[in-house]
Undergrad: 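So that we are looking at the same thing, I have put the structure below in structure tokens.
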Amino acid sequence: MMDLGGKIHCLVILVVVITLFSPIVENSAGVNSENTMQQPLRDEFDMVLTNVTITNLTFSENEPKEGDNITIHVTVRNNRTERIENLNISLVRNNQNFTVRQVSINGTTTKTFYFYWEAEGGNQIFRANLSLEMPDGRILESEPSVKEIWVEPEPIGDVYSPILALFLVFVIIFGSAVIPSLWSSLTDRNSSREKK
Amino acid sequence: MKPIKEDILEDMKNTCLTISFELKKHFRMKRMIISFVLAIGLPLIFYIVPKVWASFPDTAEEFANLNLSFVNLLIIISGSLFAGDAVVGEFEEKTGLLLFSTPQRHTTIFIGKYIGALLPTLTVVSIYYLTTSLEIIGIYGTGGISLDFFKSFFIALLYTTSAVSLIFFFSSVLKRKITSTLLGFFSLMMILPIVSSVLQFIVDVEPWYILTYVEGLITDVFVGAPPLGGGPGGQGGQFSPDFYSGISVMVVYTIVLFFLGVFIANRRRME
């Protein structure tokens, strides 16, 4: 049997423990309820689109050359159950905006979108990401998908032109050595004709 | 009156005589040895330094681009060495008193002097490219020598002819060897690149007619390598020279300055 002092002591400890742990219990309860009941709203709190993602970013050619027409495939997966309207797919090439397209995608489906690009030479880094404007004006963005591709640049000029130019230069320089003799013979002939 | 055929042959013979004399002079003055050592030594730096302290670039094109971005330095040095005193030396040292009194035509003397300066400069550039090609073969195998490498080589030879013409022109116009050599050297090394940069970055105009601007084609032909924009006289900019107009500019510089140089030298008289 516990005396009154012991009971009060136990009660105080219980109150202290409840007071200390009550916020943690409340928090965990809140998360659980959100996860189970309000799954799509989670994005709103985090400002990140987690249930709609880019699953693949590919190019129609793996080793393109400058000037080739390339199709960029952006595959988007909607893990939500409801359809999403006005989802923006933006493509950025070498840190410069390439294109933005507004699309819609049904719930729990995967869809591929196509973008067309005339390849420019050199190393190209494409970054695709999704964004969705919420009714309250906030913009939710997905994690970007990044892909790098090397585009073989067009060769500059040809090898024959400098060879031809060099040949021309040598002919003119070496040929100029005979110009004085040709010139003097011509002038000598003219002067002898004049004398006659 | 001599028959024209005989006259032409004599002029050719006299030109060859001047060329061989000039080559012997360059050899005797150790200019040849200095230039050849530079032509082998400069590209070796690009091989030894990465081998000891770092690693080679990923591709042969990148290696060639880096290595050949300094070939214009060699062209300027050897061009100034061989052509800087070609004409002016005869007037300054009064050796022309002996040379110009010979029955040889003055034109053939000056043409021979020009060719005598051009040939060793072309040889030096060829040695530089040969050394670089051996390095590329050693690092990347024979597949590393691409068509772009030969393109770069022929453009470098063409640039050499125009650089020698410019320095030869200064040698014909100026009165002192040192002035002619330094003006030739600094015009290609500093003056023309500065003018080119000012036009590009301040005036926003493409300086397609400036020799040192079109010289960028030597490395620009390596399309697979990122542009360096470095090297002596090299500059990264918003413009890049057009291949065909660049070649035409080099040809025009070579021919016009060569004829002007010969013409002015022919008119000069010993004081």
Side-chain angles (χ1 to χ4, degrees), chain A residues 61-68 70 93-96 118-125 148-196, chain B residues 1-12 14-16 18-19 105-108 110-112 114-115 118 122 146-162 165 217 220-224 226-227 240-244 246-248 250-251 254-255 258-259 262 266:
Chain A
E61 285 180 51
N62 289 326
E63 291 174 356
K65 287 181 179 170
E66 192 173 354
D68 284 356
I70 309 288
R93 183 173 68 89
N94 295 339
N95 294 323
Q96 287 188 329
E118 193 181 325
E120 285 179 29
N123 201 38
Q124 308 288 339
I125 300 169
E148 202 172 337
I149 189 167
W150 170 255
V151 181
E152 186 73 40
E154 265 185 35
I156 296 173
D158 59 293
V159 76
Y160 304 107
S161 305
I163 294 175
L164 199 70
L166 264 176
F167 179 73
L168 180 76
V169 163
F170 288 141
V171 166
I172 291 173
I173 289 168
F174 284 93
S176 63
V178 298
I179 291 174
S181 38
L182 284 172
W183 180 255
S184 64
S185 69
L186 280 171
T187 48
D188 284 350
R189 277 181 192 179
N190 285 341
S191 58
S192 59
R193 269 182 203 162
E194 277 171 11
K195 276 178 190 173
K196 277 177 188 178
Chain B
M1 199 175 86
K2 271 192 278 187
I4 186 164
K5 193 182 165 188
E6 205 176 294
D7 209 16
I8 287 171
L9 281 173
E10 198 181 321
D11 274 353
M12 296 286 270
N14 286 337
T15 309
C16 290
T18 313
I19 294 169
R105 274 200 183 92
H106 288 190
T107 318
T108 59
F110 297 125
I111 292 168
Y114 176 85
I115 298 169
L118 182 65
L122 290 175
S146 61
L147 195 67
D148 290 340
F149 187 82
F150 291 101
K151 233 186 272 179
S152 168
F153 173 58
F154 291 116
I155 293 167
L157 292 184
L158 200 58
Y159 175 64
T160 306
T161 60
S162 42
S165 285
L217 283 172
D220 280 2
V221 291
F222 295 106
V223 286
S240 56
D242 177 65
F243 186 81
Y244 298 103
I247 285 175
S248 313
M250 288 184 202
V251 171
T254 306
I255 294 168
F258 162 71
F259 279 115
V262 172
N266 226 3

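Any value given below was found using the heavy atoms of this structure, including those in side chains, with hydrogens, waters and symmetry copies removed. Numbered from 1 within each chain, the chains take letters A, B, ... in sequence-line order.
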Undergrad: Looking only at heavy atoms, what is the nearest atom pair of B:T108 and A:A177, with distance?
TA: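 So the minimum-distance heavy-atom pair works out to CG2-O, 4.0 Å.
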Undergrad: Look at A:I179, A:V159, A:L168 and state which one has the largest set of heavy-atom pairs under 4.5 Å with chain B.
TA: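 Heavy-atom pair counts peak at A:V159.
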Undergrad: If every non-hydrogen atom of A:G157 is compared with every non-hydrogen atom of B:F243, which pair is closest and at what distance?
TA: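 Minimum heavy-atom separation between A:G157 and B:F243: CA-CD2, 3.3 Å.
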Undergrad: Would you name the heavy atoms of B:K151 and A:P155 that are closest together and state the gap between them?
TA: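 Between these two residues, the closest heavy atoms are NZ-CB, 4.1 Å.
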Undergrad: Side chain, backbone, both or neither: which part of B:I8 has a heavy atom under 4.5 Å from chain A?
TA: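 Contact with chain A is through both the backbone and side chain of B:I8.
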Undergrad: Let me confirm one number: the CG-OG distance from B:D11 to A:S181, rounded to the nearest 0.5 Å.
TA: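 B:D11 atom CG to A:S181 atom OG measures 4.0 Å (nearest 0.5 Å).
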Undergrad: Which atoms of A:E154 are under 4.5 Å from chain B, going by heavy atoms: the side chain, the backbone, both sets, or neither?
TA: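 The answer is the backbone of A:E154.
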Undergrad: Which bit of A:N123 comes within less than 4.5 Å of chain B, counting heavy atoms only: side chain, backbone, both or neither?
TA: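 Neither part.
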Undergrad: Check each atom of B:F153 against the heavy atoms of chain A and say whether the ones under 4.5 Å are side chain, backbone, both or neither.
TA: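 When you check distances to chain A, no heavy atom of B:F153 falls under 4.5 Å.
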Undergrad: Look up atom CD1 in B:I255 and atom OG in A:S176, then write down how far apart they are to the nearest 0.5 Å.
TA: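 Spacing of CD1 (B:I255) from OG (A:S176) equals 10.0 Å.
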Undergrad: Give the intermediate values and the outcome of side chain to side chain contact (heavy atoms under 4.5 Å, CB included) for residues B:T254 and A:F170.
TA: CA-CA 10 Å; B:T254 306; A:F170 288 141; over 6 Å; no
Undergrad: Nearest 0.5 angstrom please: B:T15 OG1 to A:I173 CD1, how far?
TA: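 So the OG1 of B:T15 and the CD1 of A:I173 are separated by 12.5 Å.
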Undergrad: Side chain, backbone, both or neither: which part of B:F150 has an atom under 4.5 Å from a heavy atom of chain A?
TA: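 Backbone plus side chain of B:F150, per the 4.5 Å heavy-atom cut-off to chain A.
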Undergrad: Locate the shortest heavy-atom distance separating A:I172 from B:F259; write the atom from each residue and the value.
TA: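 Looking at all heavy atoms of both residues, the shortest contact is CG2-CE1, 3.6 Å.
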Undergrad: Could you give the distance from CH2 (A:W183) to OG1 (B:T107), rounded to the nearest 0.5 Å?
TA: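 Reported value, rounded in 0.5 Å steps: 12.0 Å.
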Undergrad: Which atoms of B:L9 come close to chain A, meaning under 4.5 Å heavy atom to heavy atom: side chain ones, backbone ones, both, or neither?
TA: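 Neither the backbone nor the side chain of B:L9 comes within 4.5 Å of chain A.
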Undergrad: Roughly how far, to the nearest 0.5 Å, is the CD1 atom of B:I247 from the CG atom of A:L164?
TA: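 Rounded to the nearest 0.5 Å, the CG-CD1 separation comes to 9.5 Å.
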Undergrad: Is A:Y160 close to chain B through its backbone or its side chain, or both, or neither, when contacts mean heavy atoms under 4.5 Å?
TA: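 The answer is neither part of A:Y160.
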Undergrad: To the nearest 0.5 angstrom, please state how far the CD1 atom of B:I155 sits from the CG atom of A:L166.
TA: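 So the gap between those two atoms works out to 10.0 Å.
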